[in-house]
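Since the structure comes first, as structure tokens, the remarks are kept for the end.
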Amino acid sequence: MLDDMHVAHGAKDVPTLFIFGDSTFDVGTNNFLRSRAKANFPYNGIDFYHSFPTGRFSNGFNTADQIARQFGYQQSPPPFLTLEKNQYSFKKSILQGVNFASGGSGILRDTGSSQWVIMIFLEKQVEQFASVRGNITEILGPAEAARFVSKALFLISVGSNDLFDYARNDSGAIHLGKEEYLAVVQLTYYSHIRKLYELGARKFGILSVAPIGCCPAVSSANGGNCVKPLNDFAVASIQQLEVFCKS
């Protein structure tokens, strides 16, 4: 895995990447879970190396990989659960970056649970980073670890599944209006990012929610057309996120 993360062209001073989120960033986390949200089968990965399905919800590289490649890496850092399996190399590996993202997860703890059963929600991903942060301190010492983490880039892509859950809400378990629900989601998001900040994160790359009303799974059930109310919901979420990021 370390070989896959070397920086192309000998570039220097590129940030270490710590990646959080949902299926847009998942590079194999859910392979280790008894989750219904899986992508470790064809034709996922058909355009990846050797046409191998790695657990990415993609035909090839996913968004996390593409961003990593912009910094000169060959692909995203490996999943935390992959690194955790090999305790012999764990401490060395985490200094090369870690991907915590889990397909089907959301900002709220219960997001996706009714549909996908098991995934690693954002709060748990932050807890996993906290354990990584502790190990980095053991390796480098407190002062150097703080410097190392402050120079790392924290990438987060999450929130779509929270909106899908609200829109679906077949059980009627969510008893909030849209604005109230978005406020709860954003407040929870803030608390998770604040925790990362307290752990030493200083550089963030936050991806907004996509136009979820145009996702193939949605448009295919709507005669190939986008679903405007879902896109409007996504726009409202983005507007709240912009306010949050500026605050």
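Note that this is a predicted model, so its numbers are computed, not measured. Along the sequence shown, the residues carry numbers beginning at 1. Excluded from the calculations below are hydrogen atoms, water molecules and symmetry mates; all remaining heavy atoms, backbone and side chain alike, are included.
Both V149 and I139 are assigned to one and the same hydrophobic cluster, defined by single-linkage of ILVMFWY side chains at heavy-atom distances under 4.5 Å. One hydrophobic cluster, built from ILVMFWY side chains closer than 4.5 Å, cannot hold both F57 and L207; they sit in different ones. The cluster map of Ile, Leu, Val, Met, Phe, Trp and Tyr, joined by side-chain heavy atoms under 4.5 Å apart, puts I206 and V209 in the same cluster. Y181 and L187 are members of different hydrophobic clusters when ILVMFWY side chains are connected at heavy-atom separations under 4.5 Å. In terms of hydrophobic clustering, with Ile, Leu, Val, Met, Phe, Trp and Tyr side chains grouped at heavy-atom distances under 4.5 Å, L122 and V132 are assigned to a common cluster.
Within the 3.5 Å criterion, the main-chain N or O of G103 finds a donor-acceptor partner in the side chain of D26. At least one donor-acceptor pair closer than 3.5 Å links the side chain of S93 to the backbone N or O of S89. Checked by atom type and distance alone, the side chain of R56 never pairs as donor or acceptor with a backbone atom of N62 at under 3.5 Å. With hydrogens and angles ignored, the 3.5 Å screen pairs a side-chain donor or acceptor of N135 with a backbone N or O of S131. No donor-acceptor pair under 3.5 Å is formed between the side chain of Y73 and the backbone N or O of Q66. Side chain of S58 to main chain of F61: a donor-acceptor pair is present (N/O by atom type, distance under 3.5 Å, no hydrogens or angles). Without hydrogens or angle criteria, S76 side chain to D65 main chain gives no donor-acceptor distance under 3.5 Å. The closest donor-acceptor contact from the side chain of N161 to the backbone of S105 lies under 3.5 Å.
In this structure, OG1 in T137 is found 4.0 Å from CZ in R133, a value given to the nearest 0.5 Å. Here the CD1 atom belonging to I238 is positioned 4.0 Å from the OG atom belonging to S208, to the nearest 0.5 angstrom. Rounding to the nearest 0.5 Å gives a distance of 11.0 Å between CD of Q125 and CE of M119. Residue W116 holds its CH2 atom at 11.5 Å from CG of D22, rounded to the nearest 0.5 Å. Note: I120 CD1 to E127 CD = 10.5 Å, rounded to the nearest 0.5 Å. Separation of atoms CD (Q240) and CD (Q186) is listed at 5.0 Å; rounding is to 0.5 Å.
No side-chain heavy atom of Q96 sits less than 4.5 Å from a side-chain heavy atom of T16. Side-chain contact between F32 and F80 is absent, with no heavy-atom pair separated by less than 4.5 Å. No side-chain heavy atom of Q75 sits under 4.5 Å from any side-chain heavy atom of R69. Looking only at side-chain heavy atoms (C-beta outward), L33 and L81 come within less than 4.5 Å of each other. Considering only heavy atoms from C-beta on, Q239 stays 4.5 Å or farther from V243 through its side chain. Side-chain contact between S237 and L163 is present, with at least one heavy-atom pair separated by less than 4.5 Å. For the pair V218 and I212, the minimum side-chain heavy-atom distance is 4.5 Å or more. Taking the side chain as every heavy atom from C-beta outward, F48 and T54 approach each other to under 4.5 Å.
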Ignoring hydrogens and angles, write down the donor-acceptor pairs under 3.5 Å from the side chains of residues 190-202, residues two or more places apart or on other chains.
residue: S191; atom: OG; partner: T188; partner atom: O; Å: 2.6
residue: H192; atom: NE2; partner: I107; partner atom: O; Å: 3.3
residue: R202; atom: NH1; partner: Y197; partner atom: O; Å: 2.8

Taking only distance into account, with no hydrogens and no angle test, what donor-acceptor pairs under 3.5 Å do side-chain atoms of residues 152-160 form with protein atoms, sequence neighbours excluded?
residue: S157; atom: OG; partner: T24; partner atom: OG1; Å: 2.7

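For residues 110-121, there are no salt bridge (charged side-chain N to carboxylate O under 4.0 Å, His left out) pairs, not counting sequence neighbours.
Taking C215 as the reference, nothing meets the disulfide (SG to SG under 2.5 Å) condition, with sequence neighbours excluded. C226 meets the disulfide (SG to SG under 2.5 Å) test with C214; sequence neighbours excluded. Under the rule for a side-chain hydrogen bond (donor to acceptor under 3.5 Å, both in side chains), the partners of Q115 that lie at least two apart in sequence or sit in another chain are R168.
Using a 4.0 Å cut-off between a side-chain N of Lys or Arg and a carboxylate O of Asp or Glu, K151 and D13 do not qualify as a salt bridge. Between K228 and D232 a salt bridge is recorded (basic side-chain N to carboxylate O distance below 4.0 Å).
The aromatic ring centroids of F164 and F233 lie 6.0 Å or more from each other.
For G97 against L83, the heavy-atom pair with the smallest separation is O-CD1, 4.1 Å. Here the closest non-hydrogen pair linking A64 and N99 is CB-ND2, 4.1 Å. Nearest heavy atom pair, residue V98 against residue P79, reads CG1-C, 4.4 Å. In terms of heavy atoms, G213 sits closest to L230 at CA-CB, 3.6 Å. Closest of all the heavy-atom pairs between P53 and A39 is CB-O, 4.1 Å. Scanning both residues, S220 and P216, for their nearest heavy atoms gives OG-O, 2.7 Å.
A donor-acceptor contact under 3.5 angstrom links the side chains of N30 and S102, judged on distance only.
If you run ring-ring contact (aromatic ring centres under 6.0 Å, His included) between F100 and each of F20, F121, F25, only F20 comes through.
For CD of Q87, the number of neighbouring non-hydrogen atoms (other residues, nucleotides, ligands) closer than 6.0 Å is greater than 12. Applying the 6.0 Å contact sphere to CZ of F41 captures more than 12 heavy atoms from other residues, nucleotides or ligands.
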